[in-house]
Amino acid sequence: MGPRFRGMLKTGDLGAEFSALMLLLPLRAMGPMRVTDLAELKQSDPSTVSRQVAQLVKAGLARREADPADGRASRLAVTETGVDACERLRSARTALLERALSDWPADRVDAFAQLFEEFNSSVEALLRTDLGAPPREIA
């Protein structure tokens with residue numbers, strides 16, 4: 001989403017940059033994960049994601065916890081404050097979409113919403129599958 005979306009929400013009030021806040025959404029949807037997995041999911045550099053994660057932790061939106069699979073590693077989890085921030089992000093996104101679709105006929109909005117929901121479900125299923133799969137070699 002562009003600058004208007006960010007301006008509507010005043011993301012600075014949540015204590016982190018917009019790009020850092022966007023990490024909360026997959027964490028909430030998919031559960032706690034390592035920073036390296038989150039970076040892979042977002043197709044971002046791990047050092048960039050690590051910096052963004054530090055903002056989330058400092059703002060109290062996420063916390064580090066021991067990884068049950070490897071006690072030497074940690075993973076990131078959304079806090080209750082982070083869940084509230086996700087709800088605010090969702091509400092702002094919904095308001096923006098309502099404004100964008102306000103001139104569309106109701107039947108087209110309904111069709112778009114159904115297709116978009118199917119699209120999101122397909123992408124989420126693919127991401128869950130790919131996150132657990134080993135990286136593919138490029139031939």
Side-chain angles (χ1 to χ4, degrees):
M1 305 266 169
R4 275 194 178 159
F5 175 74
R6 284 176 253 178
M8 285 174 54
L9 183 58
K10 297 181 179 133
T11 55
D13 293 346
L14 297 176
E17 295 174 358
F18 183 77
S19 57
L21 293 170
M22 290 296 97
L23 296 176
L24 290 173
L25 302 176
L27 282 172
R28 182 176 181 205
M30 300 175 75
M33 67 179 73
R34 292 182 183 188
V35 171
T36 52
D37 292 334
L38 187 56
E40 184 179 324
L41 178 68
K42 298 298 285 182
Q43 297 183 341
S44 295
D45 183 78
S47 63
T48 300
V49 172
S50 184
R51 181 185 58 78
Q52 293 167 335
V53 162
Q55 289 180 37
L56 297 175
V57 171
K58 183 178 179 182
L61 302 170
R63 69 177 178 280
R64 294 182 192 279
E65 59 184 35
D67 186 336
D70 181 354
R72 299 168 295 170
S74 67
R75 60 186 193 171
L76 193 67
V78 177
T79 63
E80 284 302 314
T81 304
V83 170
D84 292 342
C86 287
E87 285 303 311
R88 290 179 64 186
L89 291 167
R90 186 195 61 72
S91 294
R93 182 175 50 215
T94 299
L96 181 67
L97 290 173
E98 285 174 356
R99 284 179 51 200
L101 300 175
S102 64
D103 293 338
W104 288 31
D107 61 330
R108 289 189 51 124
V109 172
D110 291 342
F112 175 74
Q114 181 179 354
L115 290 170
F116 196 67
E117 187 173 320
E118 290 175 29
F119 170 79
N120 280 337
S121 295
S122 296
V123 169
E124 286 173 12
L126 184 63
L127 289 175
R128 282 190 189 99
T129 301
D130 282 355
L131 191 60
R136 295 184 201 117
E137 289 185 26
I138 299 174

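Here, residue 1 is the first one in the sequence, and each next residue gets the next number.
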| field | D103: side-chain contact (heavy atoms from CB on, under 4.5 Å) partners, not counting sequence neighbours | value | none

| note | With sequence neighbours left out, the residues meeting side-chain contact (heavy atoms from CB on, under 4.5 Å) with S44 are K42, V49

| remark: The side-chain contact (heavy atoms from CB on, under 4.5 Å) partner of V78 among L61, D84, V83 is V83

| Rounded to the nearest 0.5 Å, how far apart are CG of L115 and CG of N120? | 11.5 Å

| CD-CG distance between Q55 and L21, expressed to the nearest 0.5 angstrom | 8.0 Å

| field | Any donor-acceptor pair under 3.5 Å from S102 side chain to R99 backbone | value | yes

| query | What pairs with E65 under salt bridge (charged side-chain N to carboxylate O under 4.0 Å, His left out), at least two apart in sequence or on another chain? | reply | R63, R75

| said: Please enumerate all residues that pass salt bridge (charged side-chain N to carboxylate O under 4.0 Å, His left out) together with R72, with sequence neighbours excluded. | reply: D70

| said: Quick one, Q52 with L38, criterion side-chain contact (heavy atoms from CB on, under 4.5 Å). Give me CA distance, side-chain angles, the key distance, then yes/no. | reply: CA-CA 11 Å; Q52 293 167 335; L38 187 56; over 6 Å; no

| query | Got a sec, which pairs hit ring-ring contact (aromatic ring centres under 6.0 Å, His included) with one end in residues 61-110, sequence neighbours left out? | reply | W104-F112

| query | Taking only residues at least two apart or on different chains, which pairs with a member in residues 48-61 satisfy salt bridge (Lys or Arg N to Asp or Glu O under 4.0 Å)? | reply | E17-R51

| said: Are there over 12 heavy-atom neighbours, none belonging to E118, within less than 6.0 Å of that residue's CD? | reply: yes

